[in-house]
Each structure stands twice: as structure tokens, then as C-alpha cells.
Amino acid sequence: MKKRKDIIQLLLSVAIILLVNFISTFFFLRFDLTSDKRYTLSPATKEMLGKLDDIVYFKIYLEGDLPAGFDRLKTSTKEMLYEMRVHSHNNIEYEFINPNESPEKKKQNEIALQLMQKGLTPTYIEQKVEAGTSQQMIFPGAIASYKSGNKEFAVQLFKEQVGTPSEMQLSNSIQSLEYEISTTIRKLTMDMKAKIAFTEGHGELDSVYVADISKALSDYYSVSRIKLQGKIKNIEKINQQKAIIIAKPDSFFTEQNKFIIDQYIMQGGKVLWLVDGVYASMDSLRKAPETFAIKFPLGLDNQLFRYGVRINSNLVMDLRSGVIPVPVNNKYKLMPWFYFPLLAQSNNHPIVNNLNLVKGEFASTIDTVNVSGIKKTFLLSTSKYTSVQNTPAKIDIRTIFEEPDTRIFNQAYKPVAVLLEGEFQSLYKNHPLPGIDSIPQVKFKEKNVATKMIVVANGDIIKNVVQQSTNRAYPLGYDIYSQQIYGNKNFILNAVNYLCDDSGLLEVRSRELKLRMMDRKKVSEEKFKWQAINTSVPILLIIIFGIIQAVIRKKKFTL
């Protein structure tokens, strides 16, 4: 009888488990009990994942003998992809690959070359060996494909940041995982691309000097160039653009061209201004040891002032700067050149959050003015040790050999880039241009719907270096002297994405995950104590449990 009862209970238990499993296939419920909600994806990411109609496949090259920090990055990547897989109805698949798995060095080099050709950047790490230290090349990134490999993009999971401790770089990289993976999926699945354009007609940078950023932007947008000069009829064409980029103009803007840009903004258009406040050039210093920086007569002052910002006609010098080669004892030596400031994020805005330093050249400062309804957010600024020269400013290359007078570098954190958001008023509100009303394609607006623009007081931030002999463009942000890669490209990409993004995906960048790292000093001091506790306590617990159980059994079965 008892045996029959036990069988019925077993069958009932199995039936209940099967029923619960069957019901759970219709519902999805998870609890994220972490304080920073690291396993909770943003609504924008969930929405995008829910729309996937085919497999997105990730090959992640974080496998093998890796340092502890990169192991954490690997674990976090795996957790992130698993979470995304759940929300994508199993349309996310992944595998981890060791690119150095082959014992043959030649094979390893071939794979490394293939990965670099696909867009992954290697990271070099030093490891201790018996003979001292050795350098290992790893690829902390992934190649993502969609629709059976029809589309393929590289994802750089580890973000190098100049001057940032390696632990902090890893922490920032882990924080950015959701954004990096989400934007890659977005690029892979994008069918229609919004239009953006570089303006022409005022000495803006030629296409070869914006070739690298144009290529990067073309992953998201249909990129073209529009000539504004003297063609009011182009107003319809420019209004079709989601955003326009005005990259380092050097010629005067006529009222007609300013009107075209103004009315584009009044229609809700977005503008990325990269405008020099002063004229200064290294070309002049190659011909003579000194030159003068003078105000750039672009005629944009009143227009930018109306929108809430002023680019000052001055020049910043920063002790945190890039380098240039100078001849010393018949050899070239890299020396800090204070006119090439390395700009850092002013706050944790999504455009600049966890961004590498951005290299500027002969940058000016920016001030904001009180315009009702406009929100201003500074994005990039100089370091704590900044000096500002008003124009005309003398630039003497020979000062590079002198010890800097630190007393003059006393103007901290001067802003160089600002984001403006709100309802802008037209520059031509009370004095529209004569004759414009008679042009049928112009429907004058005094005030716009809410829109946004970014103003950067340095055009060189978007300019890539070009190898003159081959006309080949280097990656934007790559410094050919120091061979460092600065954050210029990511800054421009983030800026344009923020201006054009309607999905809110860029907001994910501002998310902060707390990486709970171990206190190395405390670990060293208390290592033996915790080893002893971890070894002895479980054994003691088992012994105590055994004694208690023996006592209970003795009492229960003693007559």
C-alpha cells in the first residue's frame, strides 16, 4: 500500500514539473537582483532585439590564456549575449574563439591579419615569463554577421583610453558592452539609411580629409556632399538631410547661405558645426619659426550667437597635449606641443561617456549666451592646466624647447564643444532677406520645432591625416608621430548618432555598471586568513551536521 502511494506521489510530482515547464514557455519572467541592474537591458535594446527576423551570429575572439581582466570582459560579454538571446527569441547566437589556438606561428599571423582586415584592432599585453616579460597580441573584439553572412561588422569590445589605468579601461569597456553590441545589431539590420551631408562652398575639408569618418558614418547613414554657395533653390535638397556637417570652413558665409542653414534648422534640421575660432597652421611654422593666429572672418558669429553660443577668437594652450617631432642633435625627438590640446569629456553625457581623449589642433574656447528655451551641455574641455591667448596670438615654435611657465597655465577646464537643444529662433526673425519671400520653395519660419546642434570650436577634430604619396587616409584620431589612436572618430560618430538617433539607443552609453574590483593590498594582507576560513569552515559544518544527525538518530531509535 505504502509502495503504491509513493509511486502515485512520484508521478504527480513529475506531472506538476512538466505542467510548470509547459506553462513557462508562454511566459517570461526574470529577476535582476543586482544593485546596478547589470542584467536588465534598456527598453530600446529590447525593442530592437524583439524585431530580429534572422540569426545575428557573433564570433568573439576572447578565448585562450587571457589575463584576469580580460577574463572578466569575456564573462560579461557572455552574460550580455545570453540576456540578448532571451529577448531576441533565440535570434542571437555566439561562439568564443581562440585566435592563437594553432601552435604554428605562421598560422597565428595569418589569422591575425585576417582579423585586422575585417576591422578588429589588436591589443598588446605584457606577461611575465621565466626570462622576463613577453608581449602577447590579443583581439578583444568580435565579428558579427547577419542573414547567413551577407552583412558583417567588427565590434571592438575593449576600448583603449590614453592615460587611463588598465583596470578602468576594462571597467569602461564592460559598461559599454550593451551599447557596442546593440549598435552593431542596428547596423546589421538597418534597411533604410537616413541622409546626412557635408556642406561645400566655404573651403570646408575636401572629401579625402574626411574620408575615414565618412566611411564610418556610411555604416549608419547615406552620406553625401552638398554645395550651398549662392543656391537658394538647394533649400529643398538640404531639407531632405537628417543632419549636415560643416567641417572646418575657411571662407566667408554669405547671408544667403546663412539663411539656407538657418531655415534648415527652423525646419528641425540638425547641424554639427566644426568651426575654427582663429586661423593658425603648422604649414606656416614649417616656413618660419613664428607665426600669428588671427581671427577667422567667417561671418557666423551673429548666427551662432542667436542660437546660444559664441566661439571666441582665442587660442588654448594645454599642458595635456599631443606631440610633434622637432630636430635635436641631428635627430628628431617627440616634444609636447601645447597648441595641440587633448580634450576630455566634460560630463557623463552619452556622446562623451567613456570616450578616449580627443586630439585638437589650435582650438578655441566656447562661451554660451543666455537664450530662452535652449539647453546647453558642454561636451569637451581642456585640462586643469590651460592657458588662453587672445588674438592676434604669437606662436613661436622655438618655445617648444623651453621649460613651460606653469604659472600661466592657470585657467582650468575651458570648454571647446557644446551641445544645444531646444526651440531656436531664426536669425532672420525681424529682418528676413529682401526678395526671399518671392522664391516659391522658401517657406520662412521664425521659430523651429525642438531640435539640436553641436558646436565644436576646432575643425581639425574631424580631419584625418592623409599620406600625400598615396593619397591614403589614415584612421581619424590616429597620430602618426606618437602612433596613438585618440577618440576623435568615436566623438564624431556619437555626435552624429545623437543628433539623428530617434531610438534612444545612445542613452545606453550613459549607463554605469559598478565593477567590484578586489583591494590588492587587502588581499595580500588577509590572504592566509580567508584561505583558512574557506578551507576549514565547510569541513567544520559537515562535522557538526554529522554529529547533530547522529544524536537525532540515537534519540529516535533508542528504546
Side-chain angles (χ1 to χ4, degrees), residues 44 186 190-201 204 217 220-228 231-247 249 253 255-275 300 302-309 349-351 368-369 371-377 379 417-433 436-437 439-456 492-507:
R186 182 185 169 198
M190 194 179 289
D191 293 324
M192 293 288 291
K193 293 182 179 179
K195 295 179 180 178
I196 65 170
F198 287 85
T199 61
E200 288 183 338
E204 290 95 334
L217 286 168
Y220 301 88
Y221 310 103
S222 174
V223 184
S224 64
R225 296 179 74 87
I226 289 182
K227 194 167 185 176
L228 298 177
K231 293 183 178 178
I232 289 288
K233 63 182 181 183
N234 274 350
I235 205 162
E236 286 183 346
K237 191 175 178 182
I238 192 175
N239 282 344
Q240 295 172 7
Q241 310 300 317
K242 187 85 171 180
I244 60 171
I245 302 172
I246 302 174
F253 280 71
E255 289 299 321
Q256 280 193 336
N257 290 334
K258 286 163 64 176
F259 180 83
I260 292 173
I261 296 170
D262 177 84
Q263 287 304 294
Y264 168 67
I265 294 169
M266 294 307 118
Q267 298 288 341
K270 283 88 173 176
V271 184
L272 174 57
W273 305 82
L274 296 125
V275 179
L300 293 173
N302 60 343
Q303 187 164 14
L304 293 176
F305 194 87
R306 174 59 67 95
Y307 302 148
V309 71
H349 191 276
I351 295 175
T368 56
V369 294
V371 176
S372 177
I374 302 299
K375 178 186 174 187
K376 299 125 188 167
T377 308
L379 299 174
V418 65
L419 165 70
L420 306 174
E421 298 173 281
E423 296 180 352
F424 300 92
Q425 286 201 348
S426 169
L427 175 65
Y428 301 92
K429 179 179 178 182
N430 297 318
H431 52 94
L433 284 178
I436 291 296
D437 292 340
I439 299 175
Q441 58 264 48
V442 176
K443 296 174 182 174
F444 181 72
K445 288 190 71 174
E446 290 186 347
K447 189 176 181 181
N448 74 336
V449 294
T451 188
K452 42 199 173 185
M453 65 176 77
I454 293 171
V455 183
V456 185
I492 299 295
L493 277 175
N494 291 346
V496 177
N497 282 345
Y498 185 81
L499 292 177
C500 298
D501 183 31
D502 298 323
S503 68
L505 204 57
L506 199 66
E507 295 293 335

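- One distance of note links CG of N494 with CG of L379; it measures 10.0 Å at 0.5 Å rounding.
- With sequence neighbours excluded, the residues satisfying ring-ring contact (aromatic ring centres under 6.0 Å, His included) with Y307 are F424.
- In this structure, the side chain of S222 does not engage the main chain of K193 through any donor-acceptor pair within 3.5 Å.
- Here the side chains of E446 and Q425 are not in contact, with every heavy-atom distance at 4.5 Å or above.
- For the atom pair CD1 of I351 and CD1 of I492, the computed distance is 10.5 Å after rounding to the nearest 0.5 Å.
- In this structure, K237 NZ and S224 OG are separated by 6.5 Å, a value rounded to the nearest 0.5 Å.
- Atoms CE and CD1, on M453 and I244 in that order, are 9.5 Å from each other to the nearest 0.5 Å.
- Considering every non-hydrogen atom in both V369 and K376, the closest pair reads O-NZ, 2.6 Å.
- Considering only residues two or more places apart in sequence or on other chains, Y428 meets the side-chain hydrogen bond (donor to acceptor under 3.5 Å, both in side chains) condition with E255.
- Applying the 6.0 Å contact sphere to NZ of K195 captures no more than 12 heavy atoms from other residues, nucleotides or ligands.
- Residues Q263 and S426 have side chains in contact (heavy-atom distance under 4.5 Å, counting atoms from C-beta outward).
- You'll find the side chain of F253 reaches within 4.5 Å of the side chain of I261, heavy atoms only.
- The two residues L272 and V456 come nearest to each other via the heavy atoms CD1-CG2, 4.4 Å.
- In this structure, a donor-acceptor pair under 3.5 Å is absent between the side chains of Q241 and Y221.
- Under a 3.5 Å cut-off, the side chain of K270 and the backbone N or O of I454 do not form any donor-acceptor pair.
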Practice problem: Any chance you could lay out the side chain to side chain contact (heavy atoms under 4.5 Å, CB included) test for N239 and Y264, step after step, and finish with the verdict? | Solution: CA-CA 6 Å; N239 282 344; Y264 168 67; 3.5 Å; yes

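- We find the CG-OG1 distance between L419 and T368 to be 12.0 Å, quoted to the nearest 0.5 Å.
- When side chains are defined from C-beta on, L274 counts as touching I245, because their heavy atoms get closer than 4.5 Å.
- Of all heavy-atom pairs spanning I265 and T451, the tightest one is O-CG2, 4.0 Å.
- Closest approach of T199 and R225 over heavy atoms only: O-NH2, 4.4 Å.
- In this structure, Q303 contributes its side chain and K258 its backbone to a donor-acceptor pair below 3.5 Å.
- Listed by chain and residue number, E423 satisfy the salt bridge (charged side-chain N to carboxylate O under 4.0 Å, His left out) test with K447 (two or more places apart in sequence, or in another chain).
- Between V449 and G268, the closest heavy-atom pair is CG2-CA, 3.9 Å.
- Inter-residue side-chain proximity for V371 and L420 is flagged as unmet; no heavy-atom pair is nearer than 4.5 Å.
- Among all heavy-atom pairs drawn from L427 and N302, the shortest one is CD1-O, 3.7 Å.
- In this structure a side-chain-to-backbone donor-acceptor pair under 3.5 Å is missing from Y220 to A194.
- In this structure, NZ in K429 is found 12.0 Å from CG in D262, a value given to the nearest 0.5 Å.
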